[in-house]
**Student:** 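What follows is a structure written as structure tokens; I'll ask about it next.
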Amino acid sequence: MSKNLITLETKLSTVNFVAPKFLQKLKNLNIETVRDLLWHFPARYEDYATVRSIESLSVNDQATIKAEVKNTRLFKIQSRRLTVFEAIVNDGTSGMTLVWFNQPFIGKTVRIGTVANFAGKVTASRRGGLQMTNPKFEIPNQEDPTHTAGIIAVYPETKGLTSKGLRYLIKNFLQVLKIKEDFLPEKVLREQNLPTIDKALQYLHAPKNKTQIEKAQKRFSFEYLFLIQLTNLLTRSTLSKYKAPKLAVSKKKENEILKSLSFKLTKDQQNTLAEILTDIKKEKPMNRLVQGDVGSGKTIVAVVASLIAAENEHQSVFMAPTEVLAANTIKQCVNFSQILKKE
């Protein structure tokens, strides 16, 4: 497929620069379209933004160096069934050892005389001096490195497809894809100081600084909540067209239930319960989402509302995430039902 025809809905199997051998691996990550790929967000980032001199490095540093390969060797450790490729590099200030395990093909690129960026965690070499194990590397023949000398995205991976491969793919699509429409209104973007969708994707996958990451994360977090709110409004609009039985709320029974508790409801619980009981008096279906931290008392509010429904000879259904919570909820309902039976 021509790059000019690529959209978010384009199947990756139709794009000529996506190698067929990667399609099944991408599918293992539930990635089949361009949208799936670009919405495969980084799990974390590694900061290699500053190119350091070898002389300035210490053990446990995460760093990028730019150095020349002075010597290489490929050997095997038979007892551990390991193939080791080793390179000695120097940047003019000092030297260090780079080691890759079971990657003999590295030697085809990392040759004596090659000057490249190497990024990774600095450790102590058994033979003295500093070492990097399995460092990322690239020859800096471009202004915008993909894997070193910057803030590097690290993705959820699958066998045979690493973050390095995903970064290459995503970078290609970010270069050719132009998203002309943003479903978030321009006014909202401006008022909330949010980047457009194309900028947010660029900031998230190929950030130049931490501020861009924060802006992109804020954009997608807002978008997620925005869509939830739209869905809720649509649901409410749909429900408003239907009728529901009006439930009589006995203030006397409500008070009896609340007085039987070993604690007093908080102000938030009282307000939430009042809103629910007001809603169920109406002929329209109620649709509410009660949010709160674990242990904040959401269940007791639902139990009281359910008992009021029972008093009106209607049923309630509870879905509980754990058996313990389900058992406790049933116990509460049984105890309170005794109160409702009193004349």
Side-chain angles (χ1 to χ4, degrees), residues 17-19 21-22 25 42 45-155 157 159-172 174-175 205-209:
F17 59 79
V18 180
K21 65 180 180 180
F22 288 126
K25 295 168 185 176
Y45 296 88
E46 293 179 347
D47 190 353
Y48 299 117
T50 303
V51 177
R52 302 268 302 275
S53 67
I54 296 176
E55 184 182 48
S56 71
L57 297 179
S58 300
V59 172
N60 293 324
D61 283 350
Q62 291 275 2
T64 294
I65 61 170
K66 184 177 181 180
E68 181 181 353
V69 180
K70 295 297 186 179
N71 198 7
T72 65
R73 67 172 181 145
L74 180 66
F75 60 95
K76 291 185 178 182
I77 302 177
Q78 297 293 350
S79 60
R80 298 174 61 187
R81 296 182 180 179
L82 284 178
T83 299
V84 182
F85 179 76
E86 182 181 88
I88 307 298
V89 300
N90 193 295
D91 68 349
T93 68
S94 188
M96 70 184 304
T97 304
L98 310 178
V99 177
W100 289 266
F101 294 109
N102 290 331
Q103 299 179 65
F105 54 85
I106 296 291
K108 295 180 180 180
T109 306
V110 180
R111 300 176 178 178
I112 295 174
T114 299
V115 176
N117 285 346
F118 302 94
K121 183 176 181 179
V122 180
T123 60
S125 171
R126 292 182 178 180
R127 292 175 291 179
L130 299 178
Q131 177 177 301
M132 281 186 187
T133 302
N134 296 325
K136 303 174 182 64
F137 71 92
E138 60 189 343
I139 299 173
N141 57 359
Q142 52 187 344
E143 294 182 1
D144 186 20
T146 303
H147 311 294
T148 61
I151 298 177
I152 308 303
V154 180
Y155 298 90
E157 302 173 351
K159 185 177 180 180
L161 184 59
T162 64
S163 290
K164 184 174 182 179
L166 287 165
R167 283 193 295 268
Y168 267 126
L169 275 179
I170 290 171
K171 184 175 182 178
N172 279 329
L174 288 177
Q175 289 174 341
H205 292 294
K208 295 186 181 302
N209 51 58

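Since the structure is predicted, the reported quantities are computational estimates derived from the model, not experimental observations. In what follows, every heavy atom counts, from backbone to side chain, and hydrogens, waters and symmetry copies are set aside.
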**Student:** Mind checking whether V84 and F101 have side chains closer than 4.5 Å, heavy atoms only?
**Tutor:**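 When only atoms from C-beta onward are counted, F101 and V84 do touch, with a gap below 4.5 Å.
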**Student:** How many angstroms lie between CD1 in I65 and CG in L98, if you round to the nearest 0.5 Å?
**Tutor:**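 So the gap between those two atoms works out to 5.5 Å.
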**Student:** Under a 4.5 Å cut-off applied to non-hydrogen side-chain atoms, are V122 and S58 in contact?
**Tutor:**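 A side-chain contact is absent here, since even the closest heavy-atom pair is not under 4.5 Å.
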**Student:** Which of parallel (below 30°), tilted (30 to 60°) and perpendicular (above 60°) describes Y155 and H205?
**Tutor:**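 Rings of Y155 and H205: parallel, under 30°.
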**Student:** Does V69 reach the side chain of R111, with side-chain heavy atoms less than 4.5 Å apart?
**Tutor:**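 A side-chain contact is absent here, since even the closest heavy-atom pair is not under 4.5 Å.
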**Student:** If you look at every heavy atom in D61 and S56, which pair is closest and at what distance?
**Tutor:**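 Taking D61 first and S56 second, the nearest heavy atoms are OD2-O, 4.3 Å.
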**Student:** In Å, rounded to the nearest 0.5 Å, how long is the span from OG1 of T123 to CG of L57?
**Tutor:**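 The OG1 atom of T123 sits 11.0 Å away from the CG atom of L57.
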**Student:** Return the OG1 to CD distance between T133 and E86, rounded to the nearest 0.5 Å.
**Tutor:**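 The CD atom of E86 is 10.5 Å from OG1 of T133, to the nearest 0.5 Å.
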**Student:** Minimum heavy-atom separation for T93 and E55, please, with both atom names.
**Tutor:**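 In this case the closest contact between T93 and E55 is OG1-N, 3.1 Å.
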**Student:** At what distance, to the nearest 0.5 angstrom, does CD of Q131 lie from CD1 of I88?
**Tutor:**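 Between Q131 CD and I88 CD1, I get 9.0 Å after rounding to 0.5 Å.
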**Student:** Taking all atoms of both residues into account, what is the closest heavy-atom pair of V115 and I139, and its distance?
**Tutor:**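 So the two residues come closest at O-CG2, 3.8 Å.
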**Student:** How long is the gap from NZ on K76 to CG on N102, to the nearest 0.5 Å?
**Tutor:**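 Output value for this atom pair is 10.0 Å.
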**Student:** So, do V89 and M96 sit near enough that their side-chain heavy atoms are less than 4.5 Å apart?
**Tutor:**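 Touching, per the 4.5 Å side-chain cut-off.
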**Student:** Closest approach of L166 and L161, non-hydrogen atoms and distance?
**Tutor:**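 Of all heavy-atom pairs spanning L166 and L161, the closest is CD2-CD2, 3.9 Å.
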**Student:** Taking side chain as C-beta onward, heavy atoms only, is V110 less than 4.5 Å from F85?
**Tutor:**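 Yes. Closest side-chain heavy atoms under 4.5 Å.
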**Student:** What is the minimum heavy-atom distance between N134 and Q103, and which atoms define it?
**Tutor:**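 Smallest interatomic distance, heavy atoms only, reads OD1-NE2, 3.3 Å.
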**Student:** Start with the C-alpha gap between K136 and E138, add the side-chain angles, then the distance that decides, and say whether salt bridge (Lys or Arg N to Asp or Glu O under 4.0 Å) holds.
**Tutor:** CA-CA 7 Å; K136 303 174 182 64; E138 60 189 343; over 6 Å; no
**Student:** Taking all atoms of both residues into account, what is the closest heavy-atom pair of A87 and W100, and its distance?
**Tutor:**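 Nearest heavy atoms, A87 then W100: CB-CZ3, 4.1 Å.
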**Student:** Check for a donor-acceptor pair, side chain of E157 on one end and backbone N or O of S163 on the other, with a separation under 3.5 Å.
**Tutor:**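 Yes, the answer is positive, given that a donor and an acceptor are paired below the 3.5 Å cut-off.
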**Student:** Are any of the side-chain heavy atoms of F118 and I54 separated by less than 4.5 Å?
**Tutor:**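 No, too far: nothing below the 4.5 Å cut-off.
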**Student:** Heavy atoms, side chains only, cut-off 4.5 Å: are N60 and K121 in contact?
**Tutor:**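 In contact.
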**Student:** Answer yes or no: is there a donor N or O on one side and an acceptor on the other, between the side chain of N117 and the main chain of F137, under 3.5 Å?
**Tutor:**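 Side chain of N117 to backbone of F137: no pair is present.
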